[in-house]
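What follows is a single structure, written as structure tokens, with notes after it.
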Amino acid sequence: MNKTFLIFMIMVGYVVNMLAQELDYETKKMEIESAILAKNRKMELYYPKEKSNAQIAFYVLDGNWNHELVQGTLGHWIKWNLMPKALVVSIDNMGSRTRDLTPTKDDTRFPGSGGAHSFLEFIADELKPQVEKEFENVHYNVLVGHSFGGLFSLFALKEQPNLFDGYIAISPSVWWKDNYMYGDFNARENDQKPFVYITAGTDDRGNTQASKDFVAWLEEEGLSQNLELHSEVMGGEDHFSNVPISLHRGLGYLFPKRKWANDMVSVYDSLGLEGLKVNIVKLKKEYGARFLFPMDAMLSKALSLHQEEKSKEATEFLKWLQTQQESNYQPSYYLGYVFKGQKDSKKAIESYQRALEIGGMPNRMKTVIEREIRQLLSPMEKIVDLSSKEVETSVAFSPDETKAYVSRHNGKWGSRENPPSKIYEYRNTNGKWQFKGISSFSQKDTKDSDSDIFISYDGGEAFFVSTRSYPGKSDGNPDIWKSNLKEGVWSNPKPIKTVNSPGYEASPVTDSEGNLYFSSIREGSSGLGDFYMAKLNGDGTYGTPKLLKGEINGISGEWNLLVAPSTEWMLFESSGRSDGLSAYGDMYVSTKTDQGWSKPEHLSELNTTGSDLNIRYLPNSKKLVFISSKQLENTDTDIYQVDFKEIESYINKSNRK
């Protein structure tokens with residue numbers, strides 16, 4: 001996969017993680033002894049555990065049929081911040097729907113009909129006041145009905161347009177006897193514009209044309225001018241399949257968050273922050289309790305400003321976002337991210353800490369933020385003399401640490417179309433690394449890539465992988481090559497044919513005894529790259545590679561390993577593990593046990609939000625050196641070092657297990 005695209009998807013994943021909220025909701029049964037209906041009525045409620053958070057109430061007719069659908073649909077919208085937190089009051093029809101939901105008698109076709117006036121009185125005078133007493137912060141009410149319930153919803157609009165703020169009528173039976181619904185509409189005198197959504201399916205029997213005719217009448221009579229009227233005919237839907245799709249579509253009109261977001265971004269682009277502030281006042285006045293600040297779109301806008309190198313503008317924008325939702329940690333997290341990109345560690349840490357103090361984030365995001373803080377406080381030090389504006393892919397050192405070998409290419413980190421990587425040599429002179437040109441075992445003027453360089457612990461052998469061909473090779477995948485140091489000169493490298501496969505080989509290293517470890521995708525592999533070991537024979541050849549035992553290999557990708565000289569521990573890079581935070585290129589440690597290699601532990605002290613890989617151990621100076629892109633959006637990698645003591649606690653802890 002293209003790493004640049006993957007980096008973008010990871011950032012999208014972070015935004016998605018931040019958007020999601022756990023629903024702390026409860027359900028309960030309620031029963032009212034109705035004096036108006038002379039009968040007990042049953043309801044089922046779905047509401048936030050903190051009742052004061054409920055800002056909108058949905059009264060659902062035929063609740064015994066529709067409650068689960070409405071609860072599930074609204075729950076999804078609320079979870080993903082598509083609408084404000086809401087209350088659902090589902091009214092059980094208790095077998096009385098024909099009586100309760102129809103406005104006049106039609107005993108010939110529907111015996112017992114005509115009780116809608118009493119039912120509306122029950123809702124207005126008994127049910128609604130009791131609900132509002134318990135949920136005091138509800139300032140917007142929506143009535144939802146289907147079929148006869150849709151008829152009743154529009155009947156309530158006709159009779160008491162101010163009783164509810166919104167009316168959703170799905171496949172409404174507006175064909176009711178004697179064109180009753182075409183009579184006087186009190187909506188003519190309504191000061192506010194109720195939200196009205198009328199829908200039918202193309203295969204909705206007589207309701208399809210009846211709904212079209214009713215909407216046309218509302219428009220012809222000028223009634224639509226006093227309404228926020230939306231209507232649709234759903235292609236291919238019948239009387240019952242129309243219910244879930246219309247509920248979803250109706251919510252989209254009721255809470256047009258994408259429209260708000262697009263409008264706000266457009267206003268910001270043309271009029272700046274001050275213009276945006278004026279626009280928000282206008283939206284809040286127009287939509288009232290329905291308005292939900294589109295924080296996700298605003299955060300994306302701030303991120304785009306940062307990526308366009310308008311970081312000062314991004315920080316001012318994010319500071320303002322902090323004031324819009326003070327209980328929302330996201331603007332503070334993004335502000336920390338931008339300050340980190342500006343290399344202002346102090347302000348970045350302050351912003352991240354503020355995000356943690358606000359709280360409310362998923363555990364995964366909390367871990368990400370804590371790791372960001374650790375990284376800013378990390379002792380990671382860039383080795384400037386070995387790093388360049390090109391992309392470093394691996395590094396290795398002679399035992400006396402006077403020579404270094406670096407593989408790099410002049411493309412972009414993560415691109416699949418990079419030019420070939422080559423290995424270059426450096427010499428340490430008076431504490432400074434001096435560039436000496438391409439190494440003798442790397443090819444200069446070819447399209448083959450040479451990378452994953454490793455120098456054996458005794459300094460006598462160089463291992464690397466290369467895409468170059470040789471007799472008997474039939475694939476284009478990288479293989480392991482080896483060069484020997486003789487009297488200060490590296491020999492012409494040769495492929496290790498007994499180890500290489502038609503598959504993919506990478507990151508060859510040895511222990512102090514010369515046994516060869518590497519990563520490979522080949523027949524018999526269990527994941528996207530597994531670790532193998534080929535034992536060194538007495539004649540200098542290598543035995544048949546075998547999968548490492550224990551818990552080291554999994555279904556994830558294991559790459560870029562380093563084995564301690566004594567094989568006491570192993571460091572490696574992996575992508576796709578469940579505890580990984582970067583999703584691409586985190587480093588892990590595993591220790592040798594009697595059963596094989598232990599369960600890998602995430603090196604949280606070293607890992608960054610970027611790609612971290614190809615770690616090397618310098619026994620003399622007790623240093624760890626590795627490659628890192630450091631941040632997700634980086635298209636470059638450099639070489640960093642830390643003291644070995646940074647991971648000793650991990651190794652000691654694993655050894656005690």
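For clarity, every value in this text was computed on a predicted model and none was experimentally measured.
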Could I get the full list of salt bridge (charged side-chain N to carboxylate O under 4.0 Å, His left out) partners for D475, not counting sequence neighbours? K473
Any pair counted as ring pair (Phe, Tyr, Trp, His ring centres under 6.0 Å), so long as it reaches residues 353-381, sequence neighbours left out: none
Do Q342 and T315 come within less than 4.5 Å of each other through their side chains, counting heavy atoms only? yes
Going by atom types alone, do S451 and S394 pair a side-chain donor with an acceptor below 3.5 Å? no
Partners passing ring pair (Phe, Tyr, Trp, His ring centres under 6.0 Å) against W433 (at least two apart in sequence or in another chain): F397
Go through F464 and Y405 one step at a time and tell me if the ring pair (Phe, Tyr, Trp, His ring centres under 6.0 Å) criterion holds. CA-CA 11 Å; F464 60 96; Y405 301 87; over 10 Å; no
I'd like to know if the side chain of S598 pairs up with that of T591 as donor and acceptor (distance under 3.5 Å, no hydrogens or angles considered). yes
Under the salt bridge (charged side-chain N to carboxylate O under 4.0 Å, His left out) test, which residues partner D511, sequence neighbours left out? none
Taking distance alone, no hydrogens or angles, what donor-acceptor pairs closer than 3.5 Å link side-chain atoms of residues 497-510 to residues at least two apart or in another chain?
| unit_1 | atom_1 | unit_2 | atom_2 | d |
| --- | --- | --- | --- | --- |
| N500 | OD1 | I480 | N | 2.8 |
| N500 | ND2 | I480 | O | 3.2 |
| N500 | ND2 | I496 | O | 3.1 |
| S501 | OG | G503 | N | 3.0 |
| S501 | OG | E505 | OE2 | 2.7 |
| E505 | OE1 | S501 | N | 3.1 |
| E505 | OE2 | S520 | OG | 2.7 |
| E505 | OE2 | R522 | NH2 | 3.0 |
| S507 | OG | N560 | N | 3.1 |

Taking the side chain from E313 and the backbone from L305, do they hold a donor-acceptor pair closer than 3.5 Å? no
Other residues, nucleotides and ligands only: do more than 12 of their heavy atoms fall within 6.0 Å of CD on E523? no
Do the ring planes of F463 and F454 sit parallel (below 30°), tilted (30 to 60°) or perpendicular (above 60°)? tilted
Tell me if the centroids of the rings in W481 and Y470 come within less than 6.0 Å of each other. yes
Quick check for you: to the nearest 0.5 Å, what is the distance between L613 atom CG and L561 atom CG? 12.0 Å
Between the NZ atom in K599 and the OG atom in S590, the distance rounded to the nearest 0.5 Å is 11.5 Å
Let me confirm one number: the CG-OH distance from L606 to Y588, rounded to the nearest 0.5 Å. 12.5 Å
Can you tell me how far CD1 of I639 sits from CD of E392, rounded to the nearest 0.5 angstrom? 5.0 Å
Which atoms form the tightest heavy-atom contact between E390 and H409, and what is the distance? CB-O, 3.2 Å
Between D448 and P420, the two heavy atoms sitting closest are O-CB, 3.4 Å
Heavy-atom distance under 4.5 Å between the side chains of K340 and L376, does that happen here? yes
Please determine, by modelled atom types, if R468 and T446 share a side-chain donor-acceptor pair under 3.5 angstrom. no
Passes side chain to side chain donor-acceptor pair (under 3.5 Å), T467 versus S449? Steps please. CA-CA 6 Å; T467 57; S449 278; 4.9 Å; no
Could you grab the distance from atom CG of L299 to atom CD of Q330, nearest 0.5 Å is fine? 5.5 Å
Does E461 offer a backbone N or O that forms a donor-acceptor pair with the side chain of S456 under 3.5 Å? yes
Could you tell me which non-hydrogen atom of I373 sits nearest to which non-hydrogen atom of Q353, and how far apart they are? CD1-CG, 3.9 Å
Between D450 and S466, is a side chain to side chain donor-acceptor pair (under 3.5 Å) present by the stated rule, with each step listed? CA-CA 4 Å; D450 300 327; S466 179; 2.6 Å; yes
Assign the ring pair Y426 / F435 to parallel, tilted or perpendicular, where the plane angle (0 to 90°) is split at 30° and 60°. perpendicular
Could you give me the CA-CA distance, side-chain angles and deciding distance for T593 and K549, then say whether side chain to side chain donor-acceptor pair (under 3.5 Å) is met? CA-CA 10 Å; T593 70; K549 296 180 179 180; over 6 Å; no
Considering all heavy atoms, the nearest N81-L292 contact: O-CD2, 3.2 Å
Note, L335 side chain near K319 side chain (heavy atom, < 4.5 Å): yes
Would you name the heavy atoms of S311 and V338 that are closest together and state the gap between them? O-CG1, 4.1 Å
Is the distance between the ring centroids of Y333 and Y352 less than 6.0 Å? yes
Work out which heavy atom in H306 is nearest to a heavy atom in Y337; give both atom names and the distance. CD2-CE2, 4.0 Å
Value for CD1 (I423) from CD (Q443), rounded to nearest 0.5 Å, stands at 10.5 Å
Which residues share a side-chain hydrogen bond (donor to acceptor under 3.5 Å, both in side chains) with Q325, sequence neighbours left out: N328
For F572, the option from W559, W597, F531, Y517 that meets ring-ring contact (aromatic ring centres under 6.0 Å, His included): F531
